[in-house]
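One structure is given here, and the rest of the page talks about it.
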Number of protein chains: 2
Amino acid sequence: MTLSRSKIRTGLDNSGIVDRDSHEPAYIQICNLLKEEIAKGVYLPGSRLPSESALRDRHKVSPMTVRRSIKMLIDQGVVTTIQGSGTFVKAPDLGGANFSMKEFYSIFQDHEKTKIRLLEAKTLKADRETASRLCIEEGKRIILLKRLVLKEGDPIILHKEFLIYDPARPIIETELEVTTLYGLFERTGQTAVKRGDLWLEAMVLSPEEARLLNTMPLKPAFRIEHLFYDFDETPMSWGQFICRGDQLRFKAVVGVSPA
Amino acid sequence: MTLSRSKIRTGLDNSGIVDRDSHEPAYIQICNLLKEEIAKGVYLPGSRLPSESALRDRHKVSPMTVRRSIKMLIDQGVVTTIQGSGTFVKAPDLGGANFSMKEFYSIFQDHEKTKIRLLEAKTLKADRETASRLCIEEGKRIILLKRLVLKEGDPIILHKEFLIYDPARPIIETELEVTTLYGLFERTGQTAVKRGDLWLEAMVLSPEEARLLNTMPLKPAFRIEHLFYDFDETPMSWGQFICRGDQLRFKAVVGVSPA
DNA sequence: AAGTGGTCTAGACCACTAT
DNA sequence: TAGTGGTCTAGACCACTTT
């Protein structure tokens with residue numbers, strides 16, 4: 001085991017690896033050190049990490065500090081703990097993978113390349129499906145927004161959203177930042193939104209959708225449906241993103257992330 | 001603010017809400033209480049939670065305990081902290097959503113309904129693309145596995161996997177649990193797998209794929225590509241799941257989870 | 001019985017923000 | 001300057017597993 005990247009403590013002993021002069025907290029240093037060792041194969045999947053008391057002695061830190069390091073590794077899916085037995089290195093598995101919407105979101109954050117065009121904004125009477133989703137009576141007045149997301153001039157995402165029409169709800173003003181979609185991604189300040197459900201589906205573009213997205217019908221696409229709830233658990237917004245499959249894919253990493 | 005669901009402490013005062021007789025740890029009780037209050041609208045999105053010292057006094061616990069509660073809420077995406085300023089309730093946003101492979105995995109766990117059929121298992125010479133992915137020379141011998149996943153008799157997922165052919169690698173035996181796919185999902189014991197990358201894409205079924213999946217060509221599907229690495233950072237397995245779009249969708253929740 | 005992780009205490013000092 | 005969160009200590013007791 002090499003001690004590269006880690007300063008040796010001031011001459012007292014050579015087992016204290018944590019650099020107390022660093023601005024990086026001790027628990028992060030210990031976490032990263034363990035992760036490096038796991039990545040190097042010092043501790044193989046399935047094998048036991050040194051006990052917390054051993055790590056405590058090695059790094060000359062308090063129990064809580066070493067526990068925070070372990071907690072970080074647990075959160076990152078790198079190890080699991082078994083009470084009374086030890087801390088064990090997990091082998092990377094498909095089941096632990098997570099596909100984050102952050103990459104999708106990053107498309108919208110690039111204000112240089114990405115522009116949003118409002119296609120339609122009107123009120124209409126809710127049809128059967130929309131009424132059902134928003135938990136209102138069929139025929140009740142709602143707001144429809146249709147937007148097109150362009151990346152370097154090319155349309156890549158189509159967004160359709162239905163909003164409860166109720167002047168008393170201040171959220172609508174936020175949602176109506178029609179050229180940014182800001183409200184859906186980065187809600188700041190006081191909002192009335194409590195909870196949201198999202199569904200990710202595979203779909204095939206209809207002729208109409210393909211036309212708007214400047215591509216061919218029958219091409220693959222993602223459908224991201226979203227439903228946001230009020231604090232009284234009533235739906236306030238229902239919509240979907242339709243994303244050209246050739247312009248988006250989700251990535252996930254399992255195991256120790258690449259050095 | 002009501003105190004329902006929470007026992008009052010033994011007569012000393014009515015502000016200590018944590019039940020010390022419960023088997024549920026204090027930090028989880030405090031976390032859940034705060035989450036309930038957020039769900040009720042006591043603390044609205046954008047507003048500040050009581051300070052840690054206030055919570056410490058209210059619940060008669062030590063600083064570390066109340067910090068663990070806050071840490072839980074941070075991990076769950078419910079609040080954010082700003083040093084020197086306070087802890088603030090986050091409004092649920094699309095960017096914080098995560099689609100987990102656990103649901104996908106659960107298909108395989110149902111051993112009653114789900115069966116796996118081996119379609120093909122052979123060695124062959126790597127073509128250009130496969131060689132490139134596995135970082136080997138074109139024409140080198142590799143193992144191909146093709147499997148079909150059936151749910152209540154219906155084929156819903158097609159799996160194709162290429163493995164490095166190297167008798168010295170013990171992992172192959174694990175991967176070759178051909179009728180369970182166990183190795184990909186729940187690696188136990190010592191394995192040589194260090195890290196995996198996954199990609200999720202939308203696709204349209206080819207006639208051949210549709211035939212195997214007992215559905216029509218041009219139907220939507222998910223493609224989940226996976227690439228696993230050895231401890232010396234060389235790829236050891238590359239493959240993909242092709243999942244009928246009508247049989248799978250990913251779900252995510254943002255904000256306080258439903259009570 | 002010994003060792004392991006899980007929870008918790010009652011403080012300390014620091015970095016940062018608000019006023 | 002006062003209040004906030006961030007880190008850390010040096011123990012304690014408990015639940016659980018292993019031997």
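Labels below follow one simple rule: chain letters A, B, ... track the order of the sequence lines, proteins then strands, and each chain is numbered from 1. In this text the structure is predicted, and so the values were computed from the model without any measurement.
Counting only N and O atoms by type, the side chains of Trp199(A) and Gln240(A) include no donor and acceptor under 3.5 Å apart.
Atom CD1 of Ile70(B) and atom P of dG6(D) are 9 Å apart (whole Å). One interatomic measurement links the two molecules: NZ of Lys71(A) to P of dG6(D), which rounds to 14 Å at whole-angstrom precision. Summarising the geometry, the separation between CD1 on Ile30(A) and P on dT7(D) is reported as 13 Å, rounded to the nearest angstrom. Whole-Å rounding puts the Glu24(B) CD to dT7(C) C1' distance at 13 Å. When the P atom of dG5(C) is taken as reference, atom CG of Leu34(A) falls 12 Å away, rounded to whole Å. Between Arg68(A) atom CZ and dT9(D) atom P there is a gap of 11 Å when expressed in whole angstrom units. Per the geometry, CD belonging to Gln29(A) stands 19 Å off P belonging to dG6(D), to the nearest Å. Atom CZ of Arg67(B) and atom C1' of dT9(D) are 15 Å apart (whole Å).
In this structure, the ring of Phe250(B) has its center less than 6.0 angstrom from the ring center of Phe222(B). When ring centroids are compared, Phe88(B) and Tyr43(B) stay outside the 6.0 Å threshold.
Residues Val253(A) and Leu198(B) form no side-chain contact, since every pair of their non-hydrogen atoms from C-beta on lies 4.5 Å or further apart.
In this structure, Phe241(B) and His159(B) have parallel ring planes: the angle between them is below the 30° cut-off, well short of the 60° mark. Classification of the Phe104(A)-Phe108(A) ring pair by plane angle, with boundaries at 30° and 60°, yields perpendicular.
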Practice problem: Sugar-phosphate means primed atoms, P, OP1 and OP2; the rest is base. With that split, encode nucleotides 10-19 of chain C 5' to 3' as B, S or - using protein heavy atoms under 4.0 Å. | Solution: BB---BBBS-
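Checking the phosphate oxygens (OP1, OP2) of dT4(D), a side-chain nitrogen or oxygen of Ser51(B) falls inside 4.0 Å. Side-chain nitrogen and oxygen atoms of Tyr27(B) include none within less than 4.0 Å of the OP1 or OP2 phosphate oxygen of dC8(C).
The stretch residues 72-81 of chain A has no heavy atom under 4.0 Å from DNA chain D, so no residue of it qualifies as close.
Across Ser237(B) and Glu161(B), no two heavy atoms sit closer than the pair OG-OE2, 3.2 Å.
Checking dC8(C), dT4(C), dG6(D) against every side-chain atom of Ser53(A), the shortest atom distance belongs to dT4(C).
The salt bridge (Lys or Arg N to Asp or Glu O under 4.0 Å) contacts involving residues 62-83 of chain B comprise Lys71(A)-Asp75(B), Asp75(A)-Lys71(B), Glu52(B)-Arg67(B), Lys71(B)-Asp75(B), where partners must be two or more places apart or lie in separate chains.
Taking the ring centre of Tyr229(B) as origin, the terminal cationic atom of Arg195(B) falls inside the region bounded by 6.0 Å and 45° from the ring axis.
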